[in-house]
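Since the structure comes first, as structure tokens, the remarks are kept for the end.
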Amino acid sequence: MGASMPAEVDRVRRTHEWAVLLALVAAKLGTHLALATRYGRHRDEYYFIDCGKHLAFGYVDHAPMVPWLAGASTRLFGDSLVMLRLPAILAGACAIWLTILLARRFGANVFGQALAGIALLLAPAYLRMHGMLDIVAFEPLFWTASALLVADLIDGADKKRWLLVGLVAGLGLLNKHTMLLWGLGLGVGILATPLRAQLKSPWPWLGAALALLIVSPNVLWQAQHDWATVEFIRTMGQTVLADIPRPLFLVGQVLYFGIFALPIWLAGLAYFFTDAGKRYRLFGYAFVAVLVVLTVTGAKPYYSAPAYPLVFAAGGAWLGQWFESHPGVRAAFTALLVGTGLLLALFTLPLLPLSTVDAALEKTLGAIVRPTDLTHDMHDELGWPEQSAVVARVFEELTPEERATATIFTANYGQASALNLHGGAYGLPRATSGYMTHYLWGPDESRTGPVVVVGGSKKMLATICDAPEEVARIRHEVAMESDVPIHVCREHASLKAVWPQLKRYLHSGRE
């Protein structure tokens, strides 16, 4: 009788653990699937669809994996927005799964595992990034999977496990090149802890070689295209990132991941430097290294998002044990964590009309920040079909001879990509742009008639047109692009001749 009791307790504990894991994964899946079609496609999703029509091993401002997924989705499921976003939603659910497994590995009890999963589920950064198909949606999955594999090695797994680490790292690099940053962090942790002894064996190096082999087609593409992504990153650092104050990155760690998640991840970071977490101290060094690099380089606050599942898991391990002897504090903290998470979800998920969200933000935070600075991603999911309809009306007003030879040129990749998805219904030609990878695809040299220019600065217009004529404006109440001019250029330079001057490898409105 007495011998069976521990087994029964263990069975109940495991049942509760699986119940927590499945409930949180189901909440993640259910939330994003239910809201997947609440607004429309984001400008980046249009871009990925367009890139997916031009399959390659590289693109100017991103690695190739997400365009491959977008291309596969459109070929298999047509215009289904749910299916387009499903890979990102699944990646978010898997990230929660792996985070809870890491929390178990670090010794978290059932509540600690729930705490780690809830922190990840409700953090504004993850709610936003897993609501659409985007590159950042997959980063937490790859970083957390590699951390779990390294934890296996710390716990004595066969050294051949390094091959799996290399496989995950290679796939992560095909998703986003910042996987190199996580590699740097892990490298710092390995050198600073006893796991460095494994560097004497061939397996870590074979894992690194496997990662290099997987990403080598992208490296070859970069070499063939004048290291386009390196140029983009350099320009990004000189423009957008240069405008971000260094302290804003640190403040953003609270805003993007939740004020009541702060004690969890701080406890998680501290855990690695206690006797209890000494075994996994490697991850503490890795997390600190990542944050230091991002702070010094002036990164956007959400760039750190893929590193947080690790410290949420460790925080769950440490705080979960402490809360066992403080049930009143546990209940209050849980209520605050969940309550603030649900409140912030109103401003992060497409639950309400966007005008309502902006009005509420204006009343509460208008003196500190513009509402669109916080909701710009949701604004960027609106207005694209309407924009295409206005361009189609302009095109229809051209003479039949002009329509047969006219070109559409846009100021950015969102405009061009949306037109290339919706324009077919209006019989529009392929839209071109000098922005990002559209620049590499170039203009249609067979179309030498008028140029319909969507958006653009005076400098851009002057490069193309001798006498631009504004014929319409695209207006929308809540879309990010709410007042876009359309010009027709009948007297213009050859697009091929001025194409190098139209090159824009930057995420900025600067010319």
Side-chain angles (χ1 to χ4, degrees), residues 1-28 93 95-123 126 140 144 147-148 150-152 154-156 253-254 257-284 286-288 307-344:
M1 181 77 173
S4 66
M5 286 300 291
E8 178 65 17
V9 170
D10 186 62
R11 185 188 67 80
V12 171
R13 177 181 60 80
R14 289 184 178 276
T15 299
H16 290 168
E17 287 179 342
W18 279 104
V20 165
L21 189 154
L22 293 175
L24 291 172
V25 168
K28 182 70 171 178
I96 288 180
W97 187 296
L98 294 176
T99 299
I100 291 176
L101 293 184
L102 263 179
R104 288 184 193 175
R105 180 67 59 89
F106 296 151
N109 56 22
V110 175
F111 178 74
Q113 294 172 37
L115 199 62
I118 292 170
L120 192 64
L121 174 68
L122 294 179
Y126 303 109
T144 309
L148 191 56
V150 171
D152 289 342
I154 292 172
D155 290 336
Q253 304 312 295
V254 178
F257 303 101
I259 187 170
F260 288 102
L262 181 64
I264 301 174
W265 68 262
L266 285 178
L269 180 58
Y271 164 84
F272 292 126
F273 295 97
T274 64
D275 288 339
K278 182 179 180 180
R279 183 181 188 87
Y280 302 106
R281 187 160 298 171
L282 180 157
F283 298 124
F287 184 83
V288 170
Y308 273 90
L310 186 66
V311 285
F312 283 155
W318 204 11
L319 288 180
Q321 300 294 336
W322 185 84
F323 277 132
E324 275 195 344
S325 56
H326 300 81
V329 179
R330 178 178 63 188
F333 182 81
T334 304
L336 289 170
L337 178 66
V338 174
T340 56
L342 293 176
L343 178 63
L344 290 174

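- Rounding to the nearest 0.5 angstrom, the gap separating the OG1 atom in Thr15 from the CG atom in Asp10 is 9.0 Å.
- Gln321 places a side-chain N or O within donor-acceptor distance of the main-chain N or O of Gly107, the cut-off being under 3.5 Å.
- In terms of heavy-atom proximity, Gly316 sits nearest to Ile264 at N-CG2, 4.3 Å.
- Minimum interatomic distance between Leu120 and Pro309 (heavy atoms only, all atoms of both residues): CD1-CG, 3.8 Å.
- Few gaps surround CZ on Arg13; more than 12 heavy atoms of other groups in view lie less than 6.0 Å from it.
- Residue Arg105 comes nearest to Asp152 through the heavy atom pair NH2-OD1, 2.7 Å, listed as atom of the first residue, atom of the second, then distance.
- Between the CG atom in Leu282 and the OH atom in Tyr280 there is a gap of 11.5 Å [rounded to 0.5 Å].
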*Run the numbers on Phe283 and Val150 for side-chain contact (heavy atoms from CB on, under 4.5 Å), then give the verdict.*
CA-CA 9 Å; Phe283 298 124; Val150 171; 4.0 Å; yes
Let me have the donor-acceptor pairs involving side chains of residues 327-343, under 3.5 Å, with sequence neighbours excluded, atom names and distances please.
from: Thr334; atom 1: OG1; to: Arg330; atom 2: O; distance (Å): 2.7
from: Thr340; atom 1: OG1; to: Leu336; atom 2: O; distance (Å): 2.7
from: Thr340; atom 1: OG1; to: Leu337; atom 2: O; distance (Å): 3.3

*asked:* Please determine whether side-chain contact (heavy atoms from CB on, under 4.5 Å) holds for the pair Arg104 and Leu21, giving the CA-CA distance in whole Å, both sets of side-chain angles, and the decisive distance to 0.1 Å.
replied: CA-CA 11 Å; Arg104 288 184 193 175; Leu21 189 154; 3.8 Å; yes
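- Nearest heavy-atom pair, Ala267 versus Leu319, reported as atom, atom and distance to 0.1 Å: CB-CG, 3.8 Å.
- Taken to the nearest 0.5 Å, the OG1 atom of Thr99 stands 13.0 Å off from the CD1 atom of Ile118.
- For the atom pair CD1 (Ile100) and OG1 (Thr144), the distance works out to 11.5 Å, reported to the nearest 0.5 Å.
- Looking at heavy atoms from C-beta onward, Leu102 lies out of side-chain contact with Trp97 at the 4.5 angstrom threshold.
- In terms of heavy-atom proximity, Ala95 sits nearest to Pro140 at CB-CB, 4.2 Å.
- With a 6.0 Å radius and a threshold of 12 heavy atoms from other residues, nucleotides or ligands, Ile259 has its CD1 atom at or below the threshold.
- For Leu24 against Gly117, the heavy-atom pair with the smallest separation is CD1-CA, 3.7 Å.
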*Report the C-alpha separation of Val12 and His16 in whole Å, then their side-chain angles, then the decisive distance to 0.1 Å, and conclude whether the side-chain contact (heavy atoms from CB on, under 4.5 Å) test is met.*
CA-CA 6 Å; Val12 171; His16 290 168; 3.5 Å; yes
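- Partner Trp265 forms a ring-ring contact (aromatic ring centres under 6.0 Å, His included) with one of Phe312, Tyr308, Phe257 and no other, that one being Tyr308.
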*asked:* Assess the residue pair Leu121 and Tyr126 against the criterion (side-chain contact (heavy atoms from CB on, under 4.5 Å)); give the C-alpha distance rounded to whole Å, side-chain angles, the decisive distance to 0.1 Å, and a yes or no.
replied: CA-CA 7 Å; Leu121 174 68; Tyr126 303 109; over 6 Å; no
Can you give the donor-acceptor pairs under 3.5 Å from side chains of residues 269-276 to other protein atoms, not counting sequence neighbours?
from: Tyr271; atom 1: OH; to: Phe106; atom 2: O; distance (Å): 2.9
from: Thr274; atom 1: OG1; to: Tyr271; atom 2: O; distance (Å): 2.7
from: Thr274; atom 1: OG1; to: Ala276; atom 2: N; distance (Å): 3.4
from: Thr274; atom 1: OG1; to: Gly277; atom 2: N; distance (Å): 3.3

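- Here Gln113 contributes atom CD and Leu101 contributes atom CG; the two are 8.5 Å apart, rounded to the nearest 0.5 Å.
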